2 protein chains.
Amino acid sequence: MTKRSLAAEESPDHANGSGHRKRRQPAHSHKVTIGDIARHAGVSKTAVSFAFNRPGRLSAETTRHILNVARELGYTPNPVARSLNTRRTHALGVIVPQDIPTVLSNPFFAELMSGIGEVCKVEGMSLVIVPPMRGSLEEATYAALVDGCVVTGLSAEDKAVRALRMRRIPFVMLDADAPDDIASVQVDDYRGAYLAMKHVLDLGHRRIAIATFEPFTGRVEDYTGTLRHRFSGYRAALAEVGMSLCSPRIHIIECSCDVAGGKRAFQLLTTLRPQPTAVVALSDVIAFGLIEAAHCAGVCVPEDLSVVGFDDIEASHLLRPALTTVRQPTREKGRRAAEMFIQMLRAEEPAQPQHVMLPVELIVRESSARAAR
Amino acid sequence: MTKRSLAAEESPDHANGSGHRKRRQPAHSHKVTIGDIARHAGVSKTAVSFAFNRPGRLSAETTRHILNVARELGYTPNPVARSLNTRRTHALGVIVPQDIPTVLSNPFFAELMSGIGEVCKVEGMSLVIVPPMRGSLEEATYAALVDGCVVTGLSAEDKAVRALRMRRIPFVMLDADAPDDIASVQVDDYRGAYLAMKHVLDLGHRRIAIATFEPFTGRVEDYTGTLRHRFSGYRAALAEVGMSLCSPRIHIIECSCDVAGGKRAFQLLTTLRPQPTAVVALSDVIAFGLIEAAHCAGVCVPEDLSVVGFDDIEASHLLRPALTTVRQPTREKGRRAAEMFIQMLRAEEPAQPQHVMLPVELIVRESSARAAR
DNA sequence: CTGCGGTGATAAACTGGTTAACGCTCGGCG
DNA sequence: CGCCGAGCGTTAACCAGTTTATCACCGCAG
C-alpha cells in the first residue's frame, strides 16, 4: 500500500492522459465501476472483487479499506456483469401464456406461484413472471434473465418450449403431457372432472352445464393438456349413466376465467333449454361468478341450481354457500415443480427427468344439492 | 462471401491450432456462442450480432445465411451478455419486505402486482418479485437483475431504499412517506381509517376492537407509513366522540395478515372484557377470518358483531355477508407507480419526482350494522 | 487516372465484472 | 542456509455479447 499504491494510482492517470477520452456518458450519470474503486483504493480490480466476494482472501485491513472506498463512492457490483461470469441469475422464471394482470388476477395462479415461491424462499432466489412479449412467448424466453423456469399452460409442441429445449435451459412443465425427456408435474385432471360430474349425477341431476374457460372450438377432441383430461373425465362419468357430452341435456358454456366470466356464463345459462339444474365449472372463480349472478337474479344455490367448482382456492370455503369443488394441491404442485427445477439446476449430469402426478379430491360443501323433483 | 469467407474460416482455426485450448467445460455442456456461429458461417461476430439486431445492416443473403447457421446449431444470444451491453434488462422489480409465498398468498398484493403488471404488459417487460435474500432486502437489491423497481412496505430510511438511492437506480415508493426527491404513490390511509372508525361509531358502537397486522409495539407513536396514518385516522374519529385509542373500551389486536390471523383475532376477541361489538380490521383478509370464525362460533355478523375491512379486494363483495370495507384503488396504485417508474426510466435528465395520493372510499355492505340496544 | 461516396463487412474496443495462475515476501523447519 | 508453504496481492484471460471506427470494394463523376 505504499509504492504500489502510487504506481497503481499513476498508471490509470497516465492512460487517461495519453489520449482517448471516449466516455460517451456525461459525467453526471457515470456509474462507478470496479475499476474506479480499484484506482481510488490503489489496488487491482481483483482485490476489489475479492473484498466483496471472498472475505478472508485479502488481509482484513485491505478489505476494510476497499469497502470504505466503495462506500464513499457509492459503488456496488453490477449484478448483470456478475451474472455473466457466474452464469447464475438467482432467479426462477415462470412462463405464463397470458399477460401479467390476467395471471395475477386469478387467485389460482397466485396460489400456484406462491407454491413456487416457497422454493425461491429456501433457495434465496427471486421469481420472474415471464409473459408473452409483443405477442410472442418464444421471444420472451429469449430475453428472460433467469436460471431456468417453470412452464405453465403450454404443450410440449409450443414454440417457446421448443426454444427452451434447444437452448438446454432447465425447465419443468406444469399441467401438460410432457414427453419422457421433459420433467413435468400435473394433477389428476381426469379424475377431478370425473368426480365433479359423478357428484352432480349422483345427486340426480341430468340437465347439466359445463362452464369452461378456453375458446371452445366446438371439437372437444382438439383440446390438449388439462382441458383434454378434464373433458375425458366428464365423458367417463356421463357414460356411466348412458349420457355423453353431445347429449341434448348437456351444455357447454365458454367464458373467460374470472368472476365476470362466471356471471356471463350464468346469463347464457338462463337462456338454455332445457334449463340446467347443475353447473360444473372448470374453475372456482367462474363458480363464484355463477353463484353471485344467481344470487342477484334471485336463483337459489343450491336449491334451484347446484354449482361445482374446480381448484379449491382459499376463498372457496369462505363463500356462502361454501363451494363444492375439486381440490387440487395447487401450492404443492408449484412447489414440486420448482423443487424439480432446482434439482436439475444442481445436477452435474443431466439426469432422467421425473414425472409427477398429484391426486385431487372432491370437497362437498354447500353449493350442491339433490336435484329437485 | 468468397475469398473472405475462406480467410475468416481459417483465422480461428489457426488461432485454435496455435496453442491454448483452455476450455474448462466438458464438450457436452458447451453452450454455443456468437463466436461459434461466426466461425461456422464464415463471418465475424459483428455480422452475427447485426443479423440478429440490425436487419438491413447486412445484405439480405448474409443475414439469411447467418440465421440459418444459428438455427442449425441451436444458437440464441445470451440475454445476460446482451443486457450487460445495452444496460437494459426489460424487467421491473417489485421489492417486497416479506417472502414470496406470504406476499402472493395475500390477494391484496396480488391485485397490486396485477396493476403493476398492466404497465409491464404495455412496456413488454417481465415482473420480478424481489424478496429478502438471506434475511436482507438490501442484499437482494444488489443481486436483482432489473431496470429499476417499485418498493413496497418500506420506509425511506430503510437500508434497501438507501442502497437503491445510492446506486441511482430508478425506483418509486409505494405506501410510504417519501422525501421530496423520491417519487411515491400512496393512498389516503388516514381518511380510510377515519371513515371506517366513524362508520362503526355512527352505528352506535362504542366497544371496538382494531385488528392490526404488524407487530404492535405497544406504542402507536412508533408506527411509520401506512400504519401510522391509519391509526391517526382512528384516533381522529374516536376523538370526535370523546374517545381515544387508550380508552378501556378500545382494544388493539395484533395478528398475521391472512385469514388464519383473522380467525386467531376472533379467538382473542372473545376473551376481551368488555366484549367488543365491532371490529375494524386493517385488511380484508383479516376480516374474512373474523367472519369465518364468528360463523363457526355461532356469532352472527352483523347482528352480534360488526366487521369492517380495509382494501376491498375482489372477494369482499362475494362473501355473505358481503364485507363493509374501505376501498382503495389497489390496481390503480400499482399501475400509477409503475407508470412513474417508466417515466423515470425514459427521462434523460432526472426530473422532479412526483408524489401521488389516491383517494379511498367507504363501501357499506352487509357486515356492519347498528349496535344492539 | 484520380477522387469520392455508398455498401457490406470487419477488427478491436468496450460493457463490468470473476477467476486461474502466478509472484513476492516471510516464517518455520530440516 | 536452503526449501517449502502460507498469506496476500497482481496480471491477464475470460464471460458473451454490442458498438465504434475503419476498410475494401465498386461504380461513377471530374
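Predicted model, so just to flag it, every value in this text is computed and none were measured. Chain naming here is simple, since letters A, B, ... match the order of the sequence lines and numbering starts at 1 in each.
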How long is the line joining [atom1] of [X] and [atom2] of [N], in whole Å?
X     : N      : atom1 : atom2 : result
B:E61 : C:dT7  : CD    : C1'   : 14 Å
A:I66 : D:dC8  : CD1   : P     : 13 Å
B:R39 : D:dG17 : CZ    : P     : 12 Å
B:F50 : D:dT18 : CZ    : C1'   : 8 Å
A:K45 : D:dT11 : NZ    : C1'   : 11 Å
B:I34 : C:dT15 : CD1   : P     : 18 Å
B:R54 : D:dG17 : CZ    : C1'   : 13 Å
A:I37 : C:dT18 : CD1   : P     : 13 Å

Choosing from [options], which nucleotide comes nearest the side chain of [X]?
X     : options                : answer
A:N85 : D:dG9, C:dG17, D:dG17  : C:dG17
A:R87 : C:dT10, D:dA16, D:dG17 : D:dA16
B:N53 : D:dT18, C:dA9, D:dG9   : D:dT18
B:T33 : C:dT19, D:dA16, C:dA11 : D:dA16

Please check the phosphate of [N] (OP1 and OP2 only) for any side-chain N or O of [X] closer than 4.0 Å.
X     : N      : result
A:R82 : C:dG17 : no
B:T86 : C:dT15 : no
A:S59 : D:dG9  : yes
B:S83 : D:dG17 : no

- Residues in contact with DNA chain D, drawn from residues 139-146 of chain B - heavy-atom cutoff 4.0 Å: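 Contacting residues: none.
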- Check B:T141 against B:R167 and note the closest heavy-atom contact, atom names and distance.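 For B:T141 versus B:R167, the nearest heavy atoms are O-NH2, 2.9 Å.
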- Correct closest heavy-atom pair for B:A163 and B:E138 would be CB-CG, 4.0 Å
Applying salt bridge (charged side-chain N to carboxylate O under 4.0 Å, His left out), can you list everything that pairs with [X], at least two apart in sequence or on another chain?
X      : result
B:D158 : none
B:E72  : none
B:D181 : B:R165

N/O donor-acceptor pairs under 3.5 Å from side chains in residues 114-126 of chain A, not counting sequence neighbours:
| unit_1 | atom_1 | unit_2 | atom_2 | d |
| --- | --- | --- | --- | --- |
| A:S114 | OG | A:R331 | NE | 3.2 |
| A:S114 | OG | B:P101 | O | 3.2 |
| A:S114 | OG | B:S105 | OG | 3.3 |
| A:E118 | OE1 | A:R335 | NE | 3.1 |
| A:K121 | NZ | B:D99 | OD2 | 3.0 |
| A:E123 | OE1 | A:R346 | NH2 | 2.9 |
| A:E123 | OE2 | A:R346 | NH2 | 3.0 |
| A:S126 | OG | A:H90 | O | 3.4 |

- Query: A:R57 or B:R57: which one's nearest nucleotide on DNA chain D is closer to the 5' end?
  - Reply: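 Between the two, 5'-proximity favours A:R57.
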- Query: Is a donor-acceptor contact shorter than 3.5 angstrom present between the side chain of A:T46 and the base of D:dT11?
  - Reply: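 Under the 3.5 Å cut-off, the side chain and the base do form a donor-acceptor pair.
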- Query: On a plain distance test, is the side chain of A:N78 in donor-acceptor contact with the base of C:dG17 below 3.5 Å?
  - Reply: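 No such pair is found, so the answer is no.
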- When B:L84 and B:T63 are each assigned the nearest nucleotide of DNA chain C, the 5'-most assignment goes to B:T63
- Item | Flag for B:T46-B:S49: side-chain donor and acceptor within less than 3.5 Å | no
- What does B:S49 touch in the nucleic acid at a heavy-atom separation under 4.0 angstrom: a base, only the sugar-phosphate, or nothing? base
- Using a cut-off of 4.0 Å on non-hydrogen atoms, how would the nucleic acid contact of B:Y75 be classed: base, sugar-phosphate, or nothing? sugar-phosphate
- Item | All side-chain hydrogen bond (donor to acceptor under 3.5 Å, both in side chains) counterparts of A:T152, not counting sequence neighbours |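 With sequence neighbours excluded, A:T152 shows a side-chain hydrogen bond (donor to acceptor under 3.5 Å, both in side chains) to no residue whatsoever.
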